[in-house]
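A short worksheet on the structure shown next.
A, B, ... follow the sequence lines: proteins, then strands. Residue 1 opens every chain.
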Number of protein chains: 2
Amino acid sequence: METIEKHLEKKGIRVTAMRLLIYKFLAEKKSAVTLSDIENAFDKVDRTTLYRTVKTFESKGVVHQINDGSTGTKYALCETNCKCELETDLHLHFHCNNCEETVCLTDHKIPQIKVPDGFIAENANLVVKGICNKCS
Amino acid sequence: METIEKHLEKKGIRVTAMRLLIYKFLAEKKSAVTLSDIENAFDKVDRTTLYRTVKTFESKGVVHQINDGSTGTKYALCETNCKCELETDLHLHFHCNNCEETVCLTDHKIPQIKVPDGFIAENANLVVKGICNKCS
DNA sequence: AAGTCCAATGCACTATTGTTGCACGTATAT
DNA sequence: ATATACGTGCAACAATAGTGCATTGGACTT
């Protein structure tokens, strides 16, 4: 188990107090969160900082974006060994229509997705909606 | 080939001039569109009408929602024989990272998606991103 | 044909989310 | 230590989403 600091540095992200806090918040949550969720968690933090921090995390492969049907983009930490940027890591997400939570189903990967000739798949946004195990 | 009027009525939607226009616009487009796209197409139409019309279409199963990575929700007509509301019609969408267009790949269905025990799948939002045939 | 009713439309407004520019502080490298 | 680059916060703006209310207009009744 390496420290968060090491992990961020390895991804090319400079470590700051803010970033550690945000990372820890994401790590604690089991479900994907919106920027507003983070904002509400620490109310003294500026929205812009959050916005840019998460963008940084995303571009460095620390978090990935998910669009369930709800308004707004959600984010979740990538698994330690996650290769979100690669086509080979097309894992599924599940959005509960009842509790509105979205979780990563990292162990339920889509084996292969065929796209028509001429199309080149790079990554994906795969969300199944329904009722989650807590609500069923 | 039945008329649009019949089609809408069959879905339980009252036919109006506005709704026919909006339906025809969607039918002409090959790709999924945002509300703003529709708004720009006919500039005399009120945004609210668009918003509510599309919501009506969606709830009656005439259009389906797609969330590619871009900000904002997109909509596309369901196929004539589309059962968007059913788990059995989990068709794929393709979002081009170059031209930003999103199209339905209605003939590329996902065979079956397994979700863990306790989860109940109802529908899905499946978007593969990459480069489309026009841009590659 | 007139009147009633209800859904559809349009207007005004508010809320939320996404985004940028700039100023300032703090860390980093030379 | 000094210059430089990066992070943070403030302010403002833009785009998207959503609501309440008054008006219109079609469908239906009598």
Side-chain angles (χ1 to χ4, degrees), chain A residues 4-6 8-26 32-60 62-76 95 100 102 125, chain B residues 4-6 8-26 32-60 62-76 95 100 102 125:
Chain A
I4 298 175
E5 283 89 338
K6 289 278 182 200
L8 291 180
E9 275 167 12
K10 236 192 261 180
K11 298 275 189 175
I13 298 171
R14 285 169 54 169
V15 176
T16 68
M18 262 322 322
R19 289 173 175 182
L20 284 174
L21 279 175
I22 294 171
Y23 188 98
K24 279 174 190 161
F25 176 75
L26 288 166
V33 298
T34 63
L35 287 181
S36 300
D37 290 335
I38 309 177
E39 197 184 0
N40 296 334
F42 335 74
D43 45 24
K44 62 199 167 304
V45 182
D46 191 74
R47 279 173 44 72
T48 313
T49 304
L50 251 39
Y51 174 74
R52 290 198 258 236
T53 300
V54 171
K55 286 283 178 196
T56 301
F57 281 5
E58 192 195 357
S59 68
K60 302 290 186 180
V62 171
V63 302
H64 60 277
Q65 205 189 74
I66 309 159
N67 281 92
D68 53 32
S70 63
T71 51
T73 303
K74 292 187 176 176
Y75 300 90
H95 173 74
E100 301 291 323
T102 299
N125 181 48
Chain B
I4 298 174
E5 284 89 341
K6 288 279 182 200
L8 291 180
E9 275 167 14
K10 235 191 262 182
K11 296 276 189 175
I13 298 171
R14 285 171 55 165
V15 176
T16 68
M18 267 315 327
R19 288 174 175 183
L20 284 173
L21 279 174
I22 294 171
Y23 188 97
K24 279 175 190 160
F25 175 76
L26 288 166
V33 299
T34 63
L35 287 181
S36 301
D37 291 333
I38 309 178
E39 196 183 1
N40 296 335
F42 335 73
D43 45 23
K44 61 198 168 306
V45 183
D46 190 74
R47 275 175 19 79
T48 313
T49 305
L50 251 38
Y51 175 73
R52 289 197 259 234
T53 300
V54 171
K55 286 283 179 197
T56 302
F57 280 4
E58 193 196 356
S59 70
K60 301 291 185 176
V62 171
V63 301
H64 59 278
Q65 203 190 74
I66 308 160
N67 281 90
D68 52 33
S70 63
T71 49
T73 304
K74 292 187 178 176
Y75 299 91
H95 174 74
E100 300 291 325
T102 299
N125 179 48

Open item on the list: Within the 4.5 Å heavy-atom criterion, are Y51(A) and D46(A) side-chain neighbours or not?
Closed with: no
Task: Length of the line joining K74(B):NZ and dT16(D):C1', which is rounded to integer Å - done: 14 Å
Open item on the list: Check the phosphate of dA8(C) against T53(B), side-chain N and O only, distance under 4.0 Å to OP1 or OP2. Yes or no?
Closed with: no
TODO: Kindly compute the distance separating CD1 (I22(B)) from CG (L50(B)), expressed to the nearest 0.5 Å.
DONE: 4.5 Å
- [ ] Find the distance L50(B):CG to dC11(C):P and express it as a whole number of Å.
- [x] 13 Å
TODO: Could you tell me whether the side chain of V15(A) reaches within less than 4.5 Å of the side chain of L20(A), counting heavy atoms only?
DONE: yes
- [ ] May I have the distance from K60(B) (atom NZ) to dA7(C) (atom C1'), rounded to whole angstrom?
- [x] 12 Å
- [ ] Using a 4.5 Å cut-off on heavy atoms from C-beta on, say whether the side chain of V33(A) contacts that of K74(A).
- [x] no
Task: Centroid-centroid under 6.0 Å between F42(A) and F25(A) rings - done: yes
Task: Beyond-backbone contact of E58(B) with H64(B), side-chain heavy atoms, under 4.5 angstrom - done: no
Open item on the list: Using a 4.0 Å cut-off on heavy atoms, which residues in residues 12-21 of chain A reach DNA chain D? List them by number, or say none.
Closed with: R14(A), T16(A), M18(A), R19(A)
Task: Side chain to side chain, R47(B) and L35(B), heavy atoms closer than 4.5 Å - done: no
Task: Heavy-atom side-chain contact between T34(A) and T71(A) under 4.5 Å - done: no
Open item on the list: What is the separation between atom CG on D46(A) and atom C1' on dC22(C), rounded to the nearest whole Å?
Closed with: 13 Å
Output a table of nitrogen or oxygen pairs between the protein and nucleotides 16-21 of chain C separated by less than 3.5 Å.
{"from": "dT17(C)", "atom 1": "OP2", "to": "S36(A)", "atom 2": "OG", "distance (Å)": "2.6"}
{"from": "dG18(C)", "atom 1": "OP1", "to": "T73(A)", "atom 2": "N", "distance (Å)": "3.0"}
{"from": "dG18(C)", "atom 1": "OP1", "to": "T73(A)", "atom 2": "OG1", "distance (Å)": "3.2"}
{"from": "dG18(C)", "atom 1": "N7", "to": "R47(A)", "atom 2": "NH2", "distance (Å)": "2.7"}
{"from": "dT19(C)", "atom 1": "OP2", "to": "Y51(A)", "atom 2": "OH", "distance (Å)": "2.8"}
{"from": "dT19(C)", "atom 1": "O5'", "to": "Y51(A)", "atom 2": "OH", "distance (Å)": "2.9"}
{"from": "dG21(C)", "atom 1": "O6", "to": "R52(A)", "atom 2": "NH2", "distance (Å)": "2.8"}

- [ ] Nearest whole angstrom, please: distance from the P of dA15(D) to the CG of N40(B).
- [x] 11 Å
